[in-house]
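Data first, discussion second: the structure below is written as structure tokens.
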Amino acid sequence: MVCGGFTCSKNALCSLNVVYMLVGLLLIGVAAWGKGFGLVSSIHIIGGVIAVGVFLLLIAIVGLIGAIHHHQVLLFFYMVILFIVFLFQFGVSCSCLAMNRGQQEALLSSTWGLLENKTKTDLESQLNCCGLLNHTSTRTQFDLEWQSCPALCRNTRCFTCGDKMLNHATEVLKILGGVGLFFSFTEILGVWLAVRYRNQKDPRANPSAFL
């Protein structure tokens with residue numbers, strides 16, 4: 001049996017989807033762990049991570065069932081959805097790797113504005129910082145956040161949370177972009193395997209049956 005055979009393609013596709021299932025379960029578990037230990041209090045962040053984990057888990061289940069049963073319809077939808085996810089993830093990963101300091105500040109400011117007050121105070125306590133960025137355009141908002149800041153450094157000398165996060169933002173974005181880029185290539189591998197496997201005949205099936 002050569003690696004390009006029906007059984008090899010089936011096993012490779014099944015193995016890839018088992019890995020996706022484990023990653024999906026890991027995301028769900030990490031989100032639940034973070035909520036349980038009070039590391040993240042925002043239900044939107046927890047819900048977003050769990051939603052990504054469930055979505056990945058469902059895609060993997062569809063791909064696994066399609067691979068086991070050589071189901072043409074399931075394999076078709078699997079490879080179409082996986083290709084769309086690849087395009088989105090590839091674009092986001094490239095954007096992370098190419099983002100400069102100004103773009104990082106703009107992204108951080110927009111994300112900070114979407115956070116709940118409880119989440120902001122949790123971050124200020126954990127990072128020992130106050131407010132996001134002390135710029136002229138955001139001075140009013142910064143003053144309000146300073147008044148409600150629970151960080152221990154508030155009575156001495158505090159760095160802003162934006163400065164602390166931006167000091168490591170480039171490194172973090174490179175890591176996220178690299179990991180995302182790696183997984184995006186595993187997704188295109190999954191699409192290729194699904195297309196190849198879908199067009200192969202099961203040697204145990206009726207030779208006159210449809211592919």
Measuring from L123:CG to K118:NZ, what's the distance to the nearest 0.5 Å? 10.0 Å

Minimum heavy-atom separation for A194 to M79, with atom names? CB-CB, 3.9 Å

By side-chain hydrogen bond (donor to acceptor under 3.5 Å, both in side chains), which residues pair with D163, not counting sequence neighbours? T160

Measure the spacing between CD1 of I68 and CG of N17 and express it to the nearest 0.5 Å. 9.0 Å

Tell me which pairs pass side-chain hydrogen bond (donor to acceptor under 3.5 Å, both in side chains) where either residue lies in residues 178-193, with sequence neighbours left out. Y20-T186

Go through the structure and list residues passing side chain to side chain contact (heavy atoms under 4.5 Å, CB included) with C130, not counting sequence neighbours. W146, C149, A151, R154, C158

Sequence neighbours left out, what passes side chain to side chain contact (heavy atoms under 4.5 Å, CB included) with L58? Give chain and number order. V54

For F88, enumerate each residue passing the side chain to side chain contact (heavy atoms under 4.5 Å, CB included) test, keeping only those at least two apart in sequence or located in another chain. V92

Distance check, rounded to the nearest 0.5 Å: S93 atom OG versus F183 atom CZ? 11.0 Å

Could you check I65, L64, I61 and say which one makes a side-chain contact (heavy atoms from CB on, under 4.5 Å) with L74? I65

Applying ring-ring contact (aromatic ring centres under 6.0 Å, His included), name anything that partners Y197, two or more places apart in sequence or on another chain. F6, H70

Ignoring hydrogens and angles, tell me if any N or O in the side chain of R198 forms a donor-acceptor pair with the backbone of Q72 under 3.5 Å. yes

For I188 and F83: C-alpha separation, side-chain torsions, deciding distance, then whether side-chain contact (heavy atoms from CB on, under 4.5 Å) applies. CA-CA 7 Å; I188 202 66; F83 184 70; 3.8 Å; yes

From N11 CG over to L16 CG, what is the distance, rounded to the nearest 0.5 angstrom? 12.5 Å

For residues 49-58, which residue pairs pass the side-chain hydrogen bond (donor to acceptor under 3.5 Å, both in side chains) check, not counting sequence neighbours? none

In short, disulfide (SG to SG under 2.5 Å) pairs touching residues 62-94 with sequence neighbours left out are none

If we ignore hydrogens and angles and just use 3.5 Å, is the side chain of E124 paired with the main-chain N or O of C129 as donor and acceptor? no

Are F55 and I81 side-chain neighbours, meaning at least one heavy-atom pair lies under 4.5 Å? yes

Atom CE in M21, atom CG in L26: separation rounded to 0.5 Å? 13.5 Å

All disulfide bond (SG atoms under 2.5 Å apart) counterparts of C14, not counting sequence neighbours: none

To the nearest 0.5 Å, how far apart are CG in L13 and CG in L75? 6.5 Å

By side chain to side chain contact (heavy atoms under 4.5 Å, CB included), which residues pair with V52, not counting sequence neighbours? L27

